[in-house]
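Okay, structure first, notes after.
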Amino acid sequence: MKQIIQSVKGARDFYPEDKARHNWLYERVRNVSTRFGYEEWDGPFLEKLELYAAKSGDELAREQAFVFPDRSGEMIMLRTELTPSLARMVAQRQGQLVMPLRWWSYGPFWRYEKPQQGRSREFFQWNIDLVGVNSPEGDAEMIAIAVEFLKSVDLSPSEVLIRVNDRQYMEVHLKSLDIAEDGKLSVFKLIDRYDKMKVEDWDANALELGLSRKQLDGLKTLLADMDGWHRSENLTRIFENLEALGVRDYVVFDPLIVRGIDYYTGMVFECFDVSRKFRSVLGGGHYDNLVADVGGDPLPGVGFAMGDMVIAVVLQDWGKLPVFADTRADVLVTLFDADNAAIAMGLAANMRRQGLRVAVYPQVDKLGKQFKYADRLGARFVTVIGPDEASEGQVTLKDLTAGTQLTIPLDAVAEQISHQLVDEKSS
RNA sequence: GUGGCUGUAGCUCAAUGGCAGAGUGCUUGACUGUGGAUCAAGUUGUUGCGGGUUCGACCCCCGUCAGCCACCCCA
């Protein structure tokens with residue numbers, strides 16, 4: 001094997017077919033976001049370590065970030081998530097921005113993790129936030145955006161579901177079980193792992209946390225109560241709104257969804273493949289105070305994030321990833337010989353002016369090689385101008401799909417190709 | 001950070017201690033102005049890297065790097 005310098009572990013190479021898939025996904029994200037009236041924005045890829053360290057429970061900055069000193073010695077971090085930048089940028093212009101703010105973003109993030117299925121060290125993430133609002137209507141809108149995205153990539157409720165819960169609903173019931181306020185977060189983390197652990201282990205863990213047998217039983221009753229959302233006014237109104245937004249069939253109540261993240265304070269949701277083979281496709285929730293860690297006045301909101309890796313795995317698994325066909329050129333212009341090359345180049349320029357994608361074979365070569373190149377490019381048409389055509393001011397145009405060819409005047413080629421392309425589409 | 005599996009031709013993979021192979025791709029020709037089909041010939045190697053054991057290592061051992069998978073985590 002030849003010595004090729006390796007890429008950085010976990011970094012992503014985007015070959016043209018990868019880039020095509022990336023653009024396909026981005027296009028759907030952009031389309032859904034803008035249809036709900038959101039504006040695209042972005043933060044810097046580099047932030048000060050300090051910005052992330054300000055967040056509590058910052059395993060991200062401590063363990064899973066690319067951190068390095070710049071030339072002045074300041075500690076810089078490649079961004080691992082967008083929320084701190086969002087908080088900073090919103091706080092900087094808190095008095096000027098039109099609230100509620102509707103912002104979305106799609107860009108690269110880096111986490112120093114062990115690469116595996118659906119996870120690498122470099123990934124793209126869609127972030128979307130509705131900031132400055134505290135209502136079930138806002139919460140429902142965010143879920144609806146997620147559903148509309150799922151629809152746009154042709155995933156149905158029999159393939160993926162959004163699971164919704166409300167931390168306040170959970171807290172009220174934990175309180176009624178006399179579970180202490182300061183033990184709340186660790187209980188949430190335990191609930192978050194309910195599906196991953198064996199029942200005995202989970203029970204043992206709960207008792208270790210200091211829960212009594214009675215509290216444990218009460219907790220399990222709560223987690224099994226699939227109709228409990230009727231007792232939450234917030235969830236009831238969210239579900240009413242989801243009904244009105246026409247997305248109710250994608251959404252279920254799930255008391256096991258609590259999310260590991262501390263700053264969520266109300267509704268939380270995650271999207272999973274129904275097989276539960278994969279990690280969550282997207283997740284988000286309602287928060288009370290976006291700018292708490294960076295200074296600024298308290299600001300509620302709701303948002304979610306979706307990485308590009310898990311969704312790709314899920315789409316692949318359901319056979320919903322399109323085949324990205326070669327789209328390199330419509331026409332290959334061959335160079336027959338040096339005498340006629342200039343005419344061919346002129347023809348190519350003319351066809352480009354008419355909006356066709358035209359590649360010229362960049363040197364004189366055997367026609368067989370040039371045709372083969374056209375075939376492998378995926379170009380549908382090939383033009384040939386040899387001495388016979390040149391003397392008559394004509395060009396031979398071959399349609400590789402149909403296997404037919406005809407010889408026509410030079411200035412009629414672009415129109416002829418357009419006709420055949422249109423015929424193809426309408427038939 | 002912890003553990004498991006894998007690493008051989010451009011690609012997919014054989015060869016289990018004794019001459020490194022197949023399919024596919026690629027090149028050329030059959031086809032002197034025409035691709036995709038077919039046929040023929042040719043071509044393709046630091047067996048990831050470094051060390052060790054052995055008369056002899058793709059094969060066994062140690063280390064290392066990478067990929068995949070699980071754990072951790074999931075912001």
Side-chain angles (χ1 to χ4, degrees), chain A residues 1-11 13 51-65 77 79-87 109-121 123 125 127 188-189 192-193 196-197 201 257-264 268 270 272 277-285 287 290 293 303-307 309-310 313 326 332 334-337 340 344 361 364-390 395-407:
Chain A
M1 193 158 294
K2 278 164 234 130
Q3 298 290 338
I4 295 171
I5 294 173
Q6 287 174 341
S7 60
V8 174
K9 179 173 179 163
D13 287 343
L51 177 70
Y52 290 82
K55 276 190 74 180
S56 54
D58 57 333
E59 167 156 355
L60 268 181
R62 269 200 331 277
E63 307 281 349
Q64 297 196 318
M77 201 174 123
R79 64 184 188 181
T80 54
E81 58 167 329
L82 195 58
T83 304
S85 302
L86 174 64
F109 295 85
W110 294 266
R111 293 178 191 168
Y112 199 85
E113 302 192 85
K114 201 151 188 167
Q116 54 187 282
Q117 187 185 40
R119 173 179 286 186
S120 71
R121 289 183 172 183
F123 58 95
Q125 197 175 67
N127 284 266
F188 277 163
K189 294 208 168 176
D192 199 37
R193 304 172 65 200
K196 289 184 186 171
M197 296 171 70
D201 294 346
I257 300 294
V258 289
R259 315 271 293 143
I261 308 122
D262 295 349
Y263 69 80
Y264 291 128
V268 287
E270 271 183 285
F272 286 95
K277 279 187 293 190
F278 310 111
R279 278 190 295 278
S280 82
V281 170
L282 58 85
Y287 42 84
L290 173 69
D293 297 319
F304 72 83
M306 180 187 80
M309 305 279 295
V310 176
V313 170
D326 293 330
L332 179 79
T334 62
L335 299 191
F336 188 88
D337 56 25
N340 296 301
Y361 198 90
V364 176
D365 211 328
K366 286 184 168 178
L367 271 188
K369 272 189 87 167
Q370 301 195 51
F371 269 78
K372 187 164 187 160
Y373 181 71
D375 189 52
R376 300 193 56 175
L377 274 190
R380 178 165 166 195
F381 298 96
V382 177
T383 64
V384 179
I385 302 174
D388 298 347
E389 290 87 353
V395 55
T396 295
L397 175 69
K398 179 159 183 178
D399 180 334
L400 293 184
T401 309
T404 57
Q405 73 178 44
L406 63 171
T407 300

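All chains are named by letter (A, B, ...) in the order of the sequence lines, taking the proteins before the strands, and each is independently numbered beginning at 1. All values reported here derive from a predicted model rather than from experimental measurement.
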C1' atoms of B:U2 and B:C59, separation to the nearest Å: 29 Å
Quiz item: A:E389 side-chain donor-acceptor pair to B:G33 base, under 3.5 Å: yes
Listed nucleotide nearest any side-chain atom of A:K114, set B:U34, B:C74, B:G1: B:G1
Closest nucleotide among B:C74, B:A70, B:G35 to the A:F371 side chain: B:G35
Euclidean distance, atom CG of residue A:L367 to atom C1' of B:G33 [Å, nearest integer]: 5 Å
From B:G67, B:G35, B:G33, nucleotide with atom closest to A:K9 side chain: B:G67
Atom P, compared across B:A15 and B:G21: separation rounded to whole Å: 15 Å
B:C31 to B:U44 separation - P atoms, rounded to the nearest Å: 28 Å
Within 45° cone of A:Y112 ring axis and under 6.0 Å: A:R121 NZ or CZ: yes
N/O donor-acceptor pair, side chain A:K372 with base B:U34, under 3.5 angstrom: no
B:A70 OP1/OP2 closer than 4.0 Å to side-chain N/O of A:Q116: yes
Any A:R376 side-chain nitrogen or oxygen under 4.0 Å from OP1 or OP2 of B:C26: yes
Listed nucleotide nearest any side-chain atom of A:K189, set B:U34, B:A70, B:C74: B:C74
A:D399 with A:R380: basic N within carboxylate O range, under 4.0 Å: yes
Base B:C73 paired with A:R119 side chain (donor-acceptor, <3.5 Å): yes
A:K366 side-chain N/O to B:G29 phosphate OP1/OP2 under 4.0 Å: yes
Distance, P atom - from B:C68 to B:C55, rounded to whole angstrom: 40 Å
Donor-acceptor pair (no angle test) under 3.5 Å: A:D375 side chain, B:G36 base: no
